[in-house]
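Please read the structure below before turning to the comments.
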Amino acid sequence: MQPIPRHWAAVRETHIFPGQGPFALTIYGSSDLSLEDARRDARERMDALVAAGGPEQVHDSGLEYYPSRRLPEELLEEVHSEDGTLIAAITRNRYGAAVLNTDALLICDVDLPQEDVGRSRSSGGRAGKRPGLLSRLFGGGAIGRADGATDGIRDAAGLPDELGGPGSGERGRVHAELLTSIRDFGARHPELGVRAYRTRHGFRLLVSGADAHPASERARTLMAEVRSDPLYMLLCRVHDTYRARLTPKPWRVEVDRFESLGTRTASAPEHQDWVRRYRDASAQVAVCRLLEVTGPAPSAEERRIIDLHDRATRPESGLSLA
């Protein structure tokens, strides 16, 4: 995968385009060399956008006008293979969550409807206090068969929604439908290793053996088969990397969003204070619950990324999902 830029800079200007009125534009530039080079990149991108006649001429999907550009994210960690190749990176996204970026393992996000979200965290989250300290910190328990053999579906019928249960009403119906779709996907592709997880509002699949670059037609086809979120699919294509959130969304653990700080300088006291509060608030929740493991074993490289994902997301901890 391509390196995550280490330096970011923004150019903010207001321009009036014929027949469109004023636009308050923010364009980000990036560089792995220096902040000055990132400023140069941002300036060039702004000039190109203005010369093209404004955002509507460049992109008319209704999405924000720079969807083909990765937004600034703090680089937290890089993961390299034995030969030194970059195979994954962990970044902090705009609202503060740690995100796994990789092209070595196909990752799908599948959404559930937001209505009928089940009982609140206050009514069921305490069930997560049962695991011991190591389980709470690192996920605890097995993370699936080491040989990658079929592990079968984990019984979630009796669980509340916030612990990965099916939910009720239309949400419950779609939950069952999507779970069937995921099982059918595994049956149609016995050559693929499929790890299925339940997230707070959907499903996540880690698919090994796909050999599908994020921007490839094969990736698009496989992701569409399980009804992966269209915006997520677009981001994978334009950024050439799959993404998986590793830590909770801040508002689900009653922490303010990271962008409210107005700074991305890691050494700033307010930045460090936010990270501490967020880490402490995240200690009693998980990001996903492991449901099913099918298919052949992943490669050593894929297994390394899977293990990193599972240590961070704690899918077998029994904690509430956030």
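Numbering of residues begins at 1 and proceeds along the displayed sequence.
Here Asp32 contributes atom CG and His7 contributes atom NE2; the two are 6.5 Å apart, rounded to the nearest 0.5 Å. Rounded to the nearest 0.5 Å, atoms CD1 (Ile87) and CD1 (Ile305) are 4.5 Å apart. Taking OG1 of Thr294 as the reference point, atom CZ of Arg195 lies at 10.0 Å (rounded to 0.5 Å). Of the inter-residue distances, the one linking Asp240 atom CG with Asn101 atom CG reads 11.5 Å to the nearest 0.5 angstrom. The CZ atom of Phe203 sits 11.0 Å away from atom CZ of Arg289, with the distance rounded to the nearest 0.5 Å. In this structure, CE in Met223 is found 9.5 Å from OG in Ser216, a value given to the nearest 0.5 Å.
Remark: the backbone N or O of Ser81 is not paired with any side-chain donor or acceptor of Glu301 at under 3.5 angstrom. Judged by distance alone, the side chain of Tyr278 and the main-chain N or O of Val253 form no donor-acceptor pair under 3.5 Å.
Under the 4.0 Å criterion applied to side-chain N and carboxylate O atoms, Asp273 and Arg276 are assigned as salt-bridge partners. Salt-bridge check for Arg40 with Glu36: failed, with every basic side-chain N at 4.0 Å or more from each acidic carboxylate O.
With contacts defined as side-chain heavy-atom distances shorter than 4.5 Å, the pair Glu74/His271 qualifies. Side-chain contact check for Ser31 versus Asp41: every heavy-atom pair is 4.5 Å or farther apart. Counting heavy atoms from C-beta outward, Leu105 and Ile306 have side chains that approach closer than 4.5 Å. Here the side chains of Leu163 and Ser320 are in contact, with some heavy-atom distance below 4.5 Å.
For His213, the ring-ring contact (aromatic ring centres under 6.0 Å, His included) criterion is met by no residue, not counting sequence neighbours. For Asp184, there are no salt bridge (Lys or Arg N to Asp or Glu O under 4.0 Å) partners, not counting sequence neighbours. Shown here are the salt bridge (Lys or Arg N to Asp or Glu O under 4.0 Å) partners of Asp256, two or more places apart in sequence or in another chain: Arg277.
A side-chain donor from one of His201 and Arg171 sits under 3.5 Å from a side-chain acceptor of the other.
Annotation: salt bridge (Lys or Arg N to Asp or Glu O under 4.0 Å) contacts involving residues 77-91, sequence neighbours excluded, comprise Arg6-Glu78. Evaluation of the ring pair (Phe, Tyr, Trp, His ring centres under 6.0 Å) test over residues 281-302, restricted to residues two or more places apart or in two chains, returns none. Annotation: ring pair (Phe, Tyr, Trp, His ring centres under 6.0 Å) contacts involving residues 300-322, sequence neighbours excluded, comprise Tyr197-His309.
When each of Asp111, Leu234, Leu235 is tested with Asp229 by the rule side chain to side chain contact (heavy atoms under 4.5 Å, CB included), just one qualifies, namely Asp111.
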